[in-house]
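FYI, the numbering just counts along the sequence from 1.
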Amino acid sequence: MKAEIKKFALGLGVDDVGIVAAPDYKSPRSPDLQTILPGTKSLIVLAYKSLSNLETENMQIAMGGRLDELEFTRSCNYRMARFLDREFKAKAMTVPPSYPLYMSYETKGTLGDVSLRHAAVAAGLGNFGRHNLVIHPKMGTRVLFTALITNLDLPSDSPVSERLCTDCNACVENCPAGALNEEGKTDDMKCLKNSQPYGIGSAIRFWTKFAESPTEEQKKMVKDVHYWRLYQAGFIGFQYFCFNCIKSCPIGQ
Ligand code: B12
């Protein structure tokens, strides 16, 4: 069954597939998979090579590439779930590449319901690097993941035993926010402030100032280019303006 599943996924254009039995997926901060799909027995993790778009300094092109990737990964998720249902009468739930994320004061929208990095590592698709991203043996850091939670009884693939990060420190040195200074932990808020300048923090500041301003000032504010950028980010979703920790990593280039 594993071979059939992998063949179908690769046929969709997915670059690699790993499988992990539910007990082997251990992500300390994430919810129990049984609360999402009672009877979960495995996770099928899909890996996709990132486009070269992330190398450019042109942030419209860089983020445009990410949007293409997100759209493709979501389509693969849907097709995989339908395949598992059709062929194996399985229950399969898709795990999105990024959002929606649970918004709460505690997590500040930084905790996925399933940790795709922990799932990818447990499914034999790579291991954590100094940048806290998963490095794939062939694709290096330039890889994104999605997954399917299923009730299929599938054994785990073997983990990658060799450590893939060379500790060259390029990711740490090239992080403009200093978000990787502490080993084993990304400072989410530092990363966010730099990589998403038109994210939720900026939107809150904008609307707070708007509410406190006289009408003439409000009119000026919505005609200002800063508002146009916030508006665009609002419908794009999380719009990144930094890909440095990925693009500076020499592994797999
Ligand atoms: C929310 C989120 C963010 C938030 C918050 C990050 C966070 N909390 O980890 C922000 C906006 C900061 C962010 C940034 C980025 N993200 Co992000 N993000 C996510 C998302 C949606 C959830 C992450 C999550 O739940 N984390 C919380 C839990 C899992 O983390 P944790 O237990 O606290 O573990 C942390 C540390 O303890 C450490 N860690 C844990 N175990 C181990 C073990 C070892 C050995 C080591 C060394 C470290 C380590 O790593 C974690 C990072 O701090 C995932 C998708 C998903 N559903 O998983 C993508 C995801 C992790 N992001 C991804 C990417 C690519 C990025 C960015 C490069 C953005 C960009 N421009 O593309 C940066 C990278 C920042 C970095 N170097 O860490 C990819 C990673 C792919 C990969 N190859 O690993 C994912 C998997 C999306 C995807 N579909 O592929 N992200």
- Does the pair Glu4/Lys7 count as a salt bridge with the N-to-O cut at 4.0 Å? no

- Query: Quick check, are the ring centers of Tyr231 and Trp228 under 6.0 angstrom apart?
  - Reply: no

- Do Lys41 and Leu152 have side chains that get closer than 4.5 Å, going by heavy atoms? no

- Query: Salt bridge between Glu216 and Lys219, side-chain N to carboxylate O under 4.0 Å?
  - Reply: yes

- Item | Check: Phe88 ring centroid to Phe83 ring centroid under 6.0 Å | yes

- Message: To the nearest 0.5 Å, what is the distance between SG on Cys249 and CZ on Arg130?
- Response: 12.5 Å

- Any side-chain heavy-atom pair of Pro137 and Val160 under 4.5 Å: yes

- Looking at Arg163 and Asn127, what are the two nearest heavy atoms and their distance? CA-ND2, 4.0 Å

- Message: Are Val45 and Ile19 linked, directly or through intermediate hydrophobic residues, by side-chain heavy-atom contacts shorter than 4.5 Å (ILVMFWY only)?
- Response: no

- Query: Which distance, rounded to the nearest 0.5 Å, do you find between the CG of Asp188 and the OG1 of Thr110?
  - Reply: 4.5 Å

- Nearest heavy-atom neighbours spanning Ile135 and Gly129: CD1-CA, 3.8 Å

- Query: Are any non-hydrogen side-chain atoms of Tyr99 and Leu70 less than 4.5 angstrom apart?
  - Reply: yes

- Query: Does some side-chain heavy atom of Phe72 sit less than 4.5 Å from a side-chain heavy atom of Cys76?
  - Reply: yes

- Task: Return the minimal non-hydrogen interatomic distance between Met221 and Tyr227, and the atom names on each side.
- Result: O-CB, 3.4 Å

- Message: Is there a path of hydrophobic side-chain contacts, each under 4.5 Å between heavy atoms of I/L/V/M/F/W/Y residues, joining Leu12 to Leu84?
- Response: yes

- Task: Would you please test Thr141 and His131 for side chain to side chain contact (heavy atoms under 4.5 Å, CB included) and show each step?
- Result: CA-CA 9 Å; Thr141 300; His131 43 27; 2.9 Å; yes

- Rounded to the nearest 0.5 Å, how far apart are CG of Asn151 and OG of Ser42? 8.0 Å

- Query: Quick one: which of Thr94, Asn77, Thr73 gives a side-chain hydrogen bond (donor to acceptor under 3.5 Å, both in side chains) with Thr146?
  - Reply: Asn77

- Does one hydrophobic cluster hold both Val121 and Val20, with members joined at side-chain heavy-atom distances below 4.5 Å? yes

- Message: Quick check on Leu111: does its CG atom have over 12 non-hydrogen neighbours (other residues, nucleotides or ligands) under 6.0 Å away?
- Response: yes

- Item | Straight-line distance of Ile5 CD1 to Leu154 CG, nearest 0.5 Å | 5.0 Å

- Query: Take atom CZ in Phe235; do more than 12 heavy atoms of anything else shown fall under 6.0 Å from it?
  - Reply: yes

- Query: Does atom NZ of Lys2 have more than 12 heavy-atom neighbours, drawn from other residues, nucleotides or ligands, at distances under 6.0 Å?
  - Reply: yes

- Message: With clusters defined by side-chain heavy atoms of hydrophobic residues (ILVMFWY) lying less than 4.5 Å apart, directly or transitively, does Tyr198 cluster with Val222?
- Response: yes

- Query: Under a 4.5 Å side-chain heavy-atom rule over Ile, Leu, Val, Met, Phe, Trp and Tyr, are Phe210 and Ile204 clustered together?
  - Reply: no

- Task: With the side chain counted from C-beta on, respond yes when Thr186 and Leu180 share a heavy-atom pair under 4.5 Å apart, and no when they do not.
- Result: yes

- Task: Take Arg79 and Arg82, measure what side chain to side chain contact (heavy atoms under 4.5 Å, CB included) needs, and give me the verdict at the end.
- Result: CA-CA 5 Å; Arg79 294 178 70 181; Arg82 291 294 307 118; 5.8 Å; no

- Query: Is the number of heavy atoms from other residues, nucleotides or ligands within 6.0 Å of OH (Tyr102) greater than 12?
  - Reply: no

- Task: Over all heavy atoms of both residues, which pair between Tyr240 and Gln196 is shortest? Give the atoms and the distance, please.
- Result: CE2-NE2, 3.3 Å

- Query: Name the one of Asp157, Asp16, Asp15 that satisfies salt bridge (charged side-chain N to carboxylate O under 4.0 Å, His left out) with Lys6?
  - Reply: Asp157

- Query: In Å, rounded to the nearest 0.5 Å, how long is the span from NE2 of His226 to CZ of Arg205?
  - Reply: 7.5 Å

- Looking at CE of Met63 and CZ of Phe241, how far apart are the two atoms once the value is rounded to the nearest 0.5 Å? 9.0 Å

- Query: Nearest heavy-atom pair of Ala120 and Val134: which atoms, and what distance?
  - Reply: CB-CG1, 4.5 Å

- Message: side chain to side chain contact (heavy atoms under 4.5 Å, CB included) for Glu217 and Lys209? Distances and angles first, verdict last.
- Response: CA-CA 10 Å; Glu217 181 62 22; Lys209 189 171 170 218; 4.2 Å; yes

- Task: Measure the shortest side-chain to side-chain distance between Ser115 and Arg29 over non-hydrogen atoms and say whether it is less than 4.5 angstrom.
- Result: no

- Message: Donor-acceptor pair, distance only, cut-off 3.5 Å: does the side chain of Ser202 make one with the backbone of Pro197?
- Response: yes

- Which pair of non-hydrogen atoms, one from Val143 and one from Ser50, has the smallest distance, and what is that distance? N-OG, 3.7 Å

- Query: Any side-chain heavy atom of Tyr48 sitting closer than 4.5 Å to one from Val14?
  - Reply: yes

- Query: Between Glu57 and Lys247, is the closest basic N to carboxylate O distance under 4.0 Å?
  - Reply: yes

- Item | Side chain to side chain, Arg142 and Met139, heavy atoms closer than 4.5 Å | no

- Applying side chain to side chain contact (heavy atoms under 4.5 Å, CB included), run through Val172 and Asn181 and close with a yes or a no. CA-CA 6 Å; Val172 180; Asn181 291 351; 3.9 Å; yes

- Message: If you count heavy atoms of other groups shown closer than 6.0 angstrom to CD of Glu71, is the number above 12?
- Response: no

- Take His118 and Ser30 through the test side chain to side chain donor-acceptor pair (under 3.5 Å) and record every step on the way to the result. CA-CA 10 Å; His118 289 82; Ser30 307; 5.8 Å; no

